Amino acid sequence: MVAFLNGERLKHLLPAEVRLWTKFIGIHGAYFDRFEFDVHVGEGMEVDPAWPANIVAAVYALTAKRIDVVGYRGEEVWLFEIKPDAGITAANQVNAYEALYVRQFGKPVTLYKAIVTERINRDERWLCKESGIRIYVV
């Protein structure tokens, strides 16, 4: 099943993640100007320069890191990870996405990191607070 939100294809989100994002948008969506989904960052796997361009593009699409959602409001950039059960991996992903995003696109005026989830335990809440990750439990 491929999900869509306002005509935008949610390429790699699982059905539970689409459900969470839809809830989040219902609550907080009006705050944002726009969203981009499945945003590739990083370099992906090293490829042979002799490979055809279409193969190089396919390898990049499959091996680059993907930010679930990037939200924009004015000069604010928000990096969202969507996980029904947000464990330490979600926090690590968002922190890695921040570094890769800044390396690739430059440092925005204001950058926020966020996790949209149904569940998160106390340790992960603390870790997120320590690294500036906002948590949205929907």
Side-chain angles (χ1 to χ4, degrees):
M1 176 184 109
V2 176
F4 291 85
L5 183 65
N6 296 328
E8 182 75 31
R9 183 173 182 229
L10 305 178
K11 297 176 186 172
H12 75 282
L13 296 181
L14 299 172
E17 295 166 343
V18 171
R19 184 176 40 76
L20 279 173
W21 184 250
T22 302
K23 284 183 183 179
F24 176 84
I25 288 298
I27 299 166
H28 303 285
Y31 178 83
F32 296 92
D33 298 331
R34 65 186 175 89
F35 298 99
E36 291 179 3
F37 301 90
D38 200 32
V39 176
H40 288 81
V41 290
E43 297 179 19
M45 187 178 97
E46 192 170 338
V47 297
D48 185 329
W51 290 356
N54 64 322
I55 300 298
V56 170
V59 169
Y60 176 76
L62 291 171
T63 63
K65 307 302 178 264
R66 290 179 296 205
I67 303 170
D68 287 339
V69 181
V70 178
Y72 301 92
R73 177 188 170 135
E75 294 183 334
E76 296 177 7
V77 174
W78 290 70
L79 308 179
F80 290 99
E81 179 64 19
I82 305 166
K83 291 262 195 270
D85 191 5
I88 198 165
T89 303
N92 289 337
Q93 282 178 272
V94 174
N95 284 326
Y97 294 155
E98 175 187 30
L100 293 170
Y101 184 93
V102 168
R103 183 178 75 178
Q104 188 163 332
F105 299 110
K107 183 149 179 60
V109 172
T110 306
L111 181 94
Y112 295 106
K113 302 174 286 185
I115 296 171
V116 178
T117 189
E118 290 177 322
R119 294 172 300 282
I120 188 164
N121 73 34
R122 291 182 296 209
D123 292 333
E124 277 75 13
R125 278 187 186 277
W126 179 83
L127 289 167
C128 287
K129 183 178 178 184
E130 288 295 304
S131 60
I133 301 170
R134 296 174 183 222
I135 302 165
Y136 293 92
V137 178
V138 295

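Just so it is clear, the model here is predicted, and its values are computed rather than measured.
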For the residue pair [X] and [Y], what are the closest heavy atoms and their distance?
X	Y	value
I120	C128	CD1-SG, 4.3 Å
G42	A64	O-CB, 4.4 Å
E75	V109	OE1-CG2, 3.4 Å
I88	E124	N-OE2, 3.3 Å
T63	G44	OG1-CA, 3.3 Å
E17	H12	OE1-O, 4.1 Å

* To do: Report yes or no: does D38 contribute a side-chain atom to a donor-acceptor pair with the main-chain N or O of R66 at less than 3.5 Å?
  => no
How long is the straight-line distance from [atom2] of [Y] back to [atom1] of [X], given to the nearest 0.5 Å?
X	Y	atom1	atom2	value
L111	E98	CG	CD	5.0 Å
Y60	E43	OH	CD	9.0 Å
Q93	L79	CD	CG	12.0 Å
L20	K83	CG	NZ	11.0 Å
R73	T110	CZ	OG1	11.0 Å

* May I ask you to check whether over 12 heavy atoms, not counting those of E118, lie within 6.0 Å of atom CD? =>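 More than 12 heavy atoms, drawn from other residues, nucleotides or ligands, come within 6.0 Å of this atom.
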* Is atom CD of E130 surrounded by more than 12 heavy atoms (other residues, nucleotides or ligands) closer than 6.0 Å? ->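 For E130, atom CD is crowded (more than 12 foreign heavy atoms under 6.0 Å).
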* Establish, yes or no, whether a centroid distance under 6.0 Å links the rings of Y101 and Y97. =>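 No, ring centres 6.0 Å or more apart.
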* To do: Check step by step if side-chain contact (heavy atoms from CB on, under 4.5 Å) holds for W78 and H28.
  => CA-CA 12 Å; W78 290 70; H28 303 285; over 6 Å; no
Please determine whether residues [X] and [Y] belong to a single hydrophobic cluster, defined as Ile, Leu, Val, Met, Phe, Trp and Tyr linked transitively by side-chain heavy-atom distances below 4.5 Å.
X	Y	answer
V137	W126	no
I82	V138	yes
I25	L13	yes
W21	I27	yes
V18	V69	yes

* **side-chain contact (heavy atoms from CB on, under 4.5 Å) between V59 and W51, intermediate numbers included** => CA-CA 10 Å; V59 169; W51 290 356; 4.0 Å; yes
* Asked: Given the rule in the side-chain contact (heavy atoms from CB on, under 4.5 Å) test, do Y72 and V77 qualify, once you have shown the distances and angles that lead to the verdict?
  -> CA-CA 5 Å; Y72 301 92; V77 174; 4.0 Å; yes
* Using the six-membered ring wherever Trp is involved, compare the ring planes of F80 and Y136 and label them parallel, tilted or perpendicular (cut-offs 30° and 60°). =>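 If you compare the ring of F80 with that of Y136, the planes turn out tilted.
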* Asked: How are the rings of F24 and F32 set relative to one another: parallel (under 30°), tilted (30 to 60°) or perpendicular (over 60°)?
  -> tilted
* Asked: Should E81 and T89 be marked as a side-chain contact (heavy atoms from CB on, under 4.5 Å) after you check the CA-CA gap, both sets of side-chain angles, and the distance that decides it?
  -> CA-CA 10 Å; E81 179 64 19; T89 303; over 6 Å; no
